[in-house]
S.K.: 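Just dropping this structure here.
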Amino acid sequence: MGSDSKAEAIKRAKVLMVGAGGIGCEMLKTLALSGFQDIHIIDMDTIEVSNLNRQFLFRQEHVGQSKAKVARDAVLKFVPHINITPYHANVKDPDFNVNFLRQFNVVLNGLDNLDARRHVNRLCLAAEVPLVESGTTGFLGQVTVHVKGRTECYECQPKPMPKTYPVCTITSTPSKFIHCIVWAKDLLFTKLFGDKSQENDLFVCSDDASNSEKPMEDIFKRAPDEDPKQYGKKIYDHVFGYNIEAALVNEETWKNRRQPRPIFLRDALPEKLNLQNTNPEKGCLTDDLSLSVLPFLSLNNPQEVWNLAENSRMFLESLQLFIEKREKDIGNLTFDKDDQLALEFVTAAANIRASCFGIPLHSLFDSKGIAGNIVHAVATTNAIIAGLIVIEAIKVLQEDFENCRMTYCLEHPSRKMLLMPIEPFEPNKSCYVCSETPLLLEVNTRTTTLRDIVEKIIKVKLGMDLPMVMQARTLIYEAGDGLEEDVAANYALNLNKSLANLPAPVTDGTMLTVEDFQQELKCHINIKHRDDFDEEKEPDGMVLSGWTAPEKVGVATSNGESPSADHQITLEPTEPEVVELDAEMLDTKRKLLATLERKEHEEEDHEVLSILVNDDDDDDDVVLLDDHPEANKKLKLQ
Amino acid sequence: MDREELTAQETALYDRQIRVWGVDAQKRLSKASILVSGLNGTSIEFCKNIVLAGVGDLTVMDDRLVTEDTLQANFLIPRDSDAYGGRSLSEVCCESLRDFNPMVRVSAEKGDLSQSEMEFFDKFDAIVVSCCSLNAKVAINEKCRKRAKRIAFYAIECRDACGEIFVDLQNYTYAQKRSDGTVERHLSYPSLEEAISTPWRNLPRKMSKLYFALRVIERFELSEGRTPGKLSSSDFPSILKLRKELCDAQSLNESHVPEKLFERILHAGSKLHPPICAILGGILGQEVIKAISGKGDPLKNFFYFDTADGKGVIEDIS
């Protein structure tokens, strides 16, 4: 009987779970209850308080411990005698190579970042192990199945890259609050408290020649005996007052834009500054991360939006507190959303800047979400998605691939459905990951260096961590340790050379081969020379293409229709709105519904649905249920 | 509306979900009182979800003793017969549920809800029933509707690899956010009895077949005096006979309620499929959270999920 073979398949299965967080806990519980007996889990994280609202295998007393290990222990309590092997490690570790993966019948992802997902995707393709992918944000979720050769791989549909912003938008012409946050977090905070050796110009826009001589450095350097209060006031007037005044001089910039107004302390805090005594009681030991200005300013509601005066006080007090209480940290801090004082400072700074530019101010709570790239999450969606994952996993184990589905969990029903299954699509013939089709890179081969290609294209866009680059049969670069000195030196030299000047010149028409051994991925890039690039649209001076959506063939439907070109549900705007069903979401859903309604004639159960991409608004990039790692990376100036 | 703020502890714990539904909704949740009658794999999923969400209190009712049989699909019961032996499901589950969120008061109530005093109902904002006969479900639903305060009523049932949720919010008004502004919506839910009395031939053609199948099974269990969920393949012929009777009475073609569906459900017997429990328990969790917080479009009034087609479908039967 079918059910016995199903039970057998489950009992014999060896399953790898990647992630023991929101989806992971629910998944592990469901797998164990469903009769799985050999489960391996990889998770590099430790438990935090904010996890406890949904990662129900963890308790308060587990905070700080390994998620994989605690999850295992918790599950064994109600399903003893099964094998659960936890790995408190990063799935990108070389230990988890293709051979390691080959031992599993299926891999189930419960990850929260694109980088790891791509990595696992490549390993699964190389090991030829089916992968069940998933993601959730708020009430939305999805489960997709990837079987090599039969379905798309995870990367057949180019995933939206984490949002980055043109430098000028951040340094000179912000129009949204998130621009102010990025400025405060990655520029100002870093300038004041971070690594001084980093190049960091808060106000320079590359087309603004007048700024190139300004000696900014001096102002931010604090003399050892300089009064922290005075220092703070000086910084305030500098970044919110004088620099804005200077920016107004260039009329071109403001021709079609709302002019910012400089804000000086005397305007924001007209009454005589009476900074409270911010020194906590001498006997009181607060750890650095909990240090906070909030109680001193009686601003105890993180949902409240502070006015300009309150933000200004917050700016000064938090800056002062950093100097007085955390001097040792100054010079090597990076922003951490769980560093309360850093968060307060960044919120205040972003809000004052927003005031200058007429952008609405935000609360500490909202700022934390934006600055920390927090993904909002609830237990119910994770539970639903985990159930769907296990259902797909069981189909995969029985090799019942025809019945595998991609399932979308919707907040608003579409044609009466809250859970919507669609058939997986066939592999994309031009996917460079699973189909070995070459890519095209347009680049100025005379000015672009090999380093630019390696860092921005190969590592970031192609997601290869340890690449090897060849031109015909010549190795022009290899990453990694263990290289001989002269070989490594040669590569170091190559990195600094422009493409056309490499020992094996890379010019128009050349093809590069790039390989990553750990991911067992090889791909080809055809180079096309171009002299000019658009500053705003192509800030890197390089354009990678050829990674197209799949052709309109392959998936049969009852009435012969094919999926449309872009079939990705885009869900989350980069500024997570706390509660409101914002306009973009509703718009996406309406488009989805409209498309589905067009297909109303289909009667078969396995309908194929086209889902539109909402990409009209360039600014509001939407990410498919992933977090947004390090949007600041693109900000470093040349 | 009470103006007191969430505590720092609550704000820290609920941070990620407050970012989904907001502080006001969280406050309303923290004042809500929920009752769950009938504990099995599906309803305990719901219990977990609602406790994690941070309701004020949860009361569970199920006097059945914990046995091997009741352990299936249950992650609340430690597999240690010393720990659970001789104790009721509600007692044991209650203890585990408390661990999920110390800020929620979880308690076990003895007795049979369908026999409970009317006043007992008044404590609750929402009542969820599972493992329940048709008569009991209807009786409890009627009691909910008779009280002065509106008590949301939910019935949840899983069989084999499929399941059903029924929702009754009586007269429900809420603010619906749309792209063109906020609109006040009024929904009028039928009682369970009213809903299932809808003549079958009046229902849309492409309706979930599970609806009909479960109505037949419900009737069968009732007329044969069987414990809900304890049928088996040997009941197949009798079930088909009842199917014919009911379909004839409703002037509906028998093929509308496929044999295969009954085969599956009966063959599964009392066995639960944990992924289905998770899915249904999750959907139900969201529904109760919506109704308590007054945020979001509640589903009206039946929800079905079946692994066979993988769809989670809402049917409006009124």
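So you know, we letter chains A, B, ... as the sequences are listed, proteins then strands, and number each from 1.
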S.K.: Heavy-atom distance under 4.5 Å to chain B: side chain of Asn301(A), backbone, both or neither?
M.R.: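 The side chain, not the backbone.
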
S.K.: Give, as side chain, backbone, both or neither, the part of Glu26(A) having an atom under 4.5 angstrom from any heavy atom of chain B.
M.R.: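 Looking at Glu26(A), just its side chain touches chain B.
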
S.K.: In terms of heavy-atom pairs under 4.5 Å with chain A, which of Cys277(B), Pro275(B), Ser96(B) leads?
M.R.: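 Option with the top pair count is Pro275(B).
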
S.K.: Taking the side chain as C-beta and beyond, is there a heavy-atom pair between Val378(A) and Trp21(B) under 4.5 Å?
M.R.: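 Side-chain contact under 4.5 Å: yes.
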
S.K.: Measuring heavy-atom distances to chain B, does Lys29(A) have an atom under 4.5 Å in its side chain, in its backbone, in both, or in neither?
M.R.: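 It is the side chain, since no backbone atom gets that close.
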
S.K.: Can you list everything that forms a ring pair (Phe, Tyr, Trp, His ring centres under 6.0 Å) with Phe262(B)? Sequence neighbours excluded, please.
M.R.: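 Phe262(B) satisfies ring pair (Phe, Tyr, Trp, His ring centres under 6.0 Å) with no residue once adjacent residues are dropped.
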
S.K.: Can you find a heavy atom in the side chain of Asp15(B) that is under 4.5 Å from one in the side chain of Asn53(A)?
M.R.: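 No, too far: nothing below the 4.5 Å cut-off.
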
S.K.: Nearest 0.5 angstrom please: Met417(A) CE to Ile314(B) CD1, how far?
M.R.: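 Those atoms lie 10.5 Å apart.
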
S.K.: Counting only non-hydrogen atoms closer than 4.5 Å, does Ile394(A) touch chain B with its backbone (N, CA, C, O), its side chain (CB onward), both, or neither?
M.R.: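 Side chain only.
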
S.K.: Ile384(A) versus Gln286(B): any side-chain heavy-atom pair under 4.5 Å?
M.R.: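 Result yes, sub-4.5 Å side-chain heavy-atom pair found.
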
S.K.: At a heavy-atom separation under 4.5 Å, does Arg54(A) approach chain B through its side chain, its backbone, both, or neither?
M.R.: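 Contact with chain B involves both backbone and side-chain atoms of Arg54(A).
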
S.K.: Counting C-beta onward and ignoring hydrogens, is there a side-chain heavy-atom pair between Ile18(B) and Gln303(A) closer than 4.5 Å?
M.R.: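 Yes; the side chains approach each other to less than 4.5 Å.
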
S.K.: Are side-chain heavy atoms of Arg19(B) and Lys368(A) found at a separation under 4.5 Å?
M.R.: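 In contact.
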
S.K.: Walk me through whether Val20(B) and Thr381(A) qualify under side chain to side chain contact (heavy atoms under 4.5 Å, CB included).
M.R.: CA-CA 12 Å; Val20(B) 177; Thr381(A) 320; over 6 Å; no

S.K.: To the nearest 0.5 Å, how far apart are NE2 in His273(B) and NZ in Lys6(A)?
M.R.: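 One finds 4.0 Å between NE2 of His273(B) and NZ of Lys6(A).
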
S.K.: Working note: Arg405(A) + Asp309(B), criterion side chain to side chain contact (heavy atoms under 4.5 Å, CB included); need CA distance, chi angles, decisive distance, verdict.
M.R.: CA-CA 9 Å; Arg405(A) 293 289 176 270; Asp309(B) 64 11; over 6 Å; no

S.K.: Taking Phe46(B), Phe305(B), Tyr304(B) one by one, which has the highest count of heavy-atom pairs under 4.5 Å against chain A?
M.R.: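 Most heavy-atom pairs within the cutoff with chain A belong to Phe305(B).
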
S.K.: Does a side-chain heavy-atom distance below 4.5 Å link Ile276(B) with Ile391(A)?
M.R.: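 Ile276(B) reaches Ile391(A) side chain to side chain.
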
S.K.: Of the listed residues (Thr30(A), Asn51(A), Thr380(A), Thr407(A)), which shares the most heavy-atom pairs with chain B below a 4.5 Å separation?
M.R.: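 Between Thr30(A), Asn51(A), Thr380(A), Thr407(A), the count favours Thr380(A).
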
S.K.: With respect to chain A, which residue among Leu284(B), Ile289(B), Leu52(B), Val51(B) yields the maximal number of heavy-atom pairs within a distance under 4.5 Å?
M.R.: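 Among Leu284(B), Ile289(B), Leu52(B), Val51(B), the one with the most close pairs to chain A is Leu52(B).
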
